[in-house]
**Q** 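Mind looking over this structure? Questions follow.
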Amino acid sequence: MADPLLRVENLVKRFGGIVATDHVTLDVAQGELHAIIGPNGAGKTTLISQLTGQLLANSGSIRLGDQDITRVPAWRRSALGLARSFQITSLLLDFTAIDNVALAAQAHDGHSFRFWGDARKEARLRHAARAALERVGLAHRADVPVSRLSHGEQRELELAVALATRPRLLLLDEPMAGLGTSEAARMVKLLQELRREVTIVLVEHDMDAVFALADRITVLVYGRVIASGAPADIRQNEDVRRAYLGDQHAVTRHG
Ligand code: ATP
């Protein structure tokens, strides 16, 4: 296999006595959609936060391409091509959809949030923001305040915000959370399209979505990787079935 885009080795994060990620090792290949699943409290969000740099690891290492980013601060990881879409919405509710995307692109370009600036730069930002909105099918809602968007549209907007930074690696933390059946189907379709353009790490409880989308799946339980492999292998893995897939908390839309 070619060198992976992301290589995580023996990553550990402790919160007092809790070992939230316990020597996690995984690779994500260029172009892959790699899902991370596991019961509540397994350490999935902690792992994503370690990848983005919001949390620093106690030990272990993270490589993005040929760079060791283990101690690189979050803002630089973003500049290196990491983008995260949050489990809890991070949108500015009183701002329009396009302003949210433009502000994220502006912040990524190394400027603090500013509303008035160089007109040409502003036009360029808005052009990029509109393209990102088009990418997720929200161009027709560009001028609508976020507070008036549906929950499903807000989740799509979060994706547009992440895409506006032109990431090499997109980290998605439960993009299907709270979506109804038709909104979830739309999100799966959107992710099917985006996966052709960007490498994705997907944390998700919706098993229909995970098995429809993933090239590979890593299963975390109590911070540890208990299995990693192709969806068909994970589905049949006895340890995984016992620890998670047989679990009521795993959302399956078709039972
Ligand atoms: P869920 O599926 O419910 O989102 P998760 O797999 O994302 O869960 P984490 O949120 O990463 O799990 O939590 C892993 C463990 O670390 C849990 O026991 C949690 O209580 C603990 N934990 C997470 N963040 C903190 C924190 N900031 N301080 C203390 N403990 C934390």
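Atoms within a ligand are numbered from 1 in the order they appear, just like the ligands themselves.
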**Q** Closer than 4.0 Å to some heavy atom of A42 - which atoms of ligand 1 meet that?
**A**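 Checking each atom against A42, I get 5 (P), 6 (O), 12 (O).
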**Q** Identify every side-chain donor-acceptor pair in residues 227-238 under 3.5 Å, counting partners at least two apart or on other chains, and give the distances.
**A**
from, atom 1, to, atom 2, distance (Å)
S228, OG, T218, OG1, 2.7
N237, OD1, D239, N, 2.9
N237, OD1, V240, N, 3.1

**Q** For atom 12 (O) of ligand 1, tell me which residue out of G16, P39, G43, G223 has the closest non-hydrogen atom.
**A**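 The nearest heavy atom belongs to G43.
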**Q** Judging by distance only, is a nitrogen or oxygen of F15 under 3.5 angstrom from one on ligand 1?
**A** no
**Q** Quick check: does I18 get an N/O under 3.5 Å from an N/O on ligand 1?
**A** no
**Q** Taking only heavy atoms of N40, which atoms of ligand 1 are found under 4.0 Å from at least one of them?
**A** 1 (P), 2 (O), 3 (O), 8 (O)
**Q** Taking only non-hydrogen atoms of K13, do any sit less than 4.0 angstrom from ligand 1?
**A**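 K13: no contact with ligand 1 (<4.0 Å).
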**Q** Heavy atoms, side chains only, cut-off 4.5 Å: are V203 and L47 in contact?
**A**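 No; the side chains remain at least 4.5 Å from each other.
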**Q** Write out all pairs satisfying salt bridge (charged side-chain N to carboxylate O under 4.0 Å, His left out) with one or both partners inside residues 144-153, taking only residues at least two apart or from two chains.
**A** R141-E153
**Q** Mind checking whether G38 has an N or O less than 3.5 Å away from an N or O of ligand 1?
**A** no
**Q** As a check for students: among T45, T46, I48, identify the option with a heavy atom nearest to atom 7 (O) of ligand 1.
**A**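 Looking at heavy atoms only, the winner is T45.
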**Q** Passes side-chain hydrogen bond (donor to acceptor under 3.5 Å, both in side chains), T45 versus D173? Steps please.
**A** CA-CA 7 Å; T45 297; D173 196 354; 3.1 Å; yes
**Q** May I have the step-by-step check of side-chain contact (heavy atoms from CB on, under 4.5 Å) for L170 and R84, ending in yes or no?
**A** CA-CA 6 Å; L170 183 57; R84 171 187 198 162; over 6 Å; no
**Q** Verify the cluster assignment for L163 and V188: are they in a single hydrophobic cluster under the rule of side-chain heavy atoms below 4.5 Å apart?
**A**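 Yes, because L163 and V188 connect within a single hydrophobic cluster, where side-chain heavy atoms sit under 4.5 Å apart.
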